[in-house]
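Just follow the structure's listing: the first ligand is 1, and inside any ligand the first atom is 1.
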Amino acid sequence: MAYDPENIFAKILRDEIPCDKIYEDEHALAFRDINPQTPTHILIIPKGAYVSSDDFTANASEAELAGFLRAVGQVARDAGLVEAGYRFLANHGQDAHQEVAHFHIHIFGGKNLGRMIKPVDK
Ligand code: DGP
């Protein structure tokens, strides 16, 4: 899938639409999810144009990969989630219901999150 520069997170990166920004560095931007699923629900996106986790892990440079993952940890620490715990995940593609085609990691926390994902029919 080709990267669409008009996706909503690309617009956030270009400051064309607002976000509740909580962290930014050379490689990553973090902001609150517009539709939070948990008391703390943060999205972290790379600054580069990557469609999904598949694109990012295949094509990002070592510096982007390392910088982005470091940012995820920093955001969780800054949000005070380390002691109680948190979860991060990335949706790739249709089966995972990825809605926005710019790679992003969700950080969930602020409550007991239960165990992993709900069982579904195989
Ligand atoms: P995913 O299904 O993994 O692609 O999740 C996309 C998330 O992005 C979803 O939790 C809602 C969030 N989202 C969509 N549009 C916006 C927006 O304009 N601003 C913010 N802050 N979050 C958004």
Side-chain angles (χ1 to χ4, degrees):
M1 185 203 248
Y3 184 81
D4 175 7
E6 295 309 312
N7 76 74
I8 200 92
F9 293 169
K11 291 181 178 176
I12 286 175
L13 276 173
R14 294 195 298 266
D15 266 338
E16 291 171 11
I17 63 167
C19 71
D20 186 359
K21 186 198 295 191
I22 53 177
Y23 178 87
E24 183 169 16
D25 67 18
E26 182 188 352
H27 295 293
L29 175 70
F31 50 90
R32 295 196 187 279
D33 194 289
I34 205 165
N35 183 24
Q37 306 297 313
T38 49
T40 300
H41 184 175
I42 298 165
L43 299 172
I44 306 170
I45 66 175
K47 292 210 165 162
Y50 299 101
V51 172
S52 73
S53 54
D54 180 64
D55 187 14
F56 186 71
T57 55
N59 299 312
S61 69
E62 305 300 309
E64 287 175 302
L65 284 161
F68 181 74
L69 199 52
R70 292 261 189 224
V72 172
Q74 188 63 50
V75 167
R77 281 189 290 278
D78 290 351
L81 296 174
V82 172
E83 192 176 336
Y86 64 92
R87 177 173 296 148
F88 70 74
L89 71 78
N91 294 312
H92 163 78
Q94 259 184 340
D95 278 359
H97 294 250
Q98 182 182 359
E99 288 171 15
V100 180
H102 180 113
F103 173 48
H104 50 283
I105 278 184
H106 299 253
I107 291 184
F108 300 104
K111 62 173 250 190
N112 186 320
L113 300 168
R115 291 180 62 81
M116 295 295 284
I117 56 176
K118 285 188 199 139
V120 292
D121 295 337
K122 290 183 184 150

Self-check item: Donor-acceptor contact present, side-chain E99 to main-chain H97, <3.5 Å
Solution: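 Not confirmed, E99 side chain does not pair with H97 backbone.
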
Quiz item: Can any side-chain N or O of Q98 pair as donor or acceptor with the backbone N or O of V100 at less than 3.5 Å?
Solution: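 Pair found, side chain donor or acceptor close to backbone of V100.
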
Identify, for [atom], the protein heavy atom at the shortest distance, and state residue, atom and that distance.
atom                   : value
atom 2 (O) of ligand 1 : H97 O, 3.0 Å
atom 8 (O) of ligand 1 : F9 CZ, 3.4 Å
atom 4 (O) of ligand 1 : E99 N, 2.7 Å

Contact atoms of ligand 1, heavy-atom distance to [X] under 4.0 Å:
X    : value
Q98  : 2 (O), 4 (O)
N91  : 1 (P), 2 (O), 3 (O)
H104 : 1 (P), 3 (O), 4 (O), 5 (O), 6 (C)
L43  : 8 (O), 12 (C), 22 (N)

Quiz prompt | Nearest non-hydrogen partners of S61 and Y50, listed with the distance | solution =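 Closest heavy-atom pair between S61 and Y50: N-OH, 4.3 Å.
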
Quiz item: What's the spacing between L43 CG and I22 CD1 if we round to 0.5 Å?
Solution: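 Spacing of CG (L43) from CD1 (I22) equals 9.0 Å.
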
Quiz item: Where on D20 is there a heavy atom closer than 4.0 Å to ligand 1, on the side chain, on the backbone, on both, or on neither?
Solution: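 Looking at D20 and ligand 1, no heavy atom falls under 4.0 Å.
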
Quiz item: At under 4.0 Å between heavy atoms, which part of H106 makes contact with ligand 1: side chain, backbone, both or neither?
Solution: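 H106 to ligand 1: side-chain contact only, backbone stays beyond 4.0 Å.
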
Which of these, [options], has its nearest heavy atom closest to [atom]?
atom                    : options            : answer
atom 11 (C) of ligand 1 : I105, D33, I8      : D33
atom 21 (N) of ligand 1 : H92, R32, K21, K11 : R32
atom 19 (N) of ligand 1 : I17, V100, I34     : I34

Exercise. Give the ring-plane orientation class for F68 versus F103, where under 30° counts as parallel, over 60° as perpendicular and anything between as tilted.
Key: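 The arrangement is tilted - the two ring planes meet at 30° to 60°.
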
Quiz item: Do the ring planes of H106 and H41 sit parallel (below 30°), tilted (30 to 60°) or perpendicular (above 60°)?
Solution: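 Because their plane-to-plane angle lies in the 30° to 60° range, the rings of H106 and H41 count as tilted.
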
Quiz item: Which of these, H27, E26, E24, sits in a side-chain hydrogen bond (donor to acceptor under 3.5 Å, both in side chains) with K47?
Solution: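 That would be E24; it is the only one of H27, E26, E24 passing the side-chain hydrogen bond (donor to acceptor under 3.5 Å, both in side chains) with K47.
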
Quiz item: Does any non-hydrogen side-chain atom of Y86 lie less than 4.5 Å from one of T40?
Solution: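 No; the side chains remain at least 4.5 Å from each other.
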
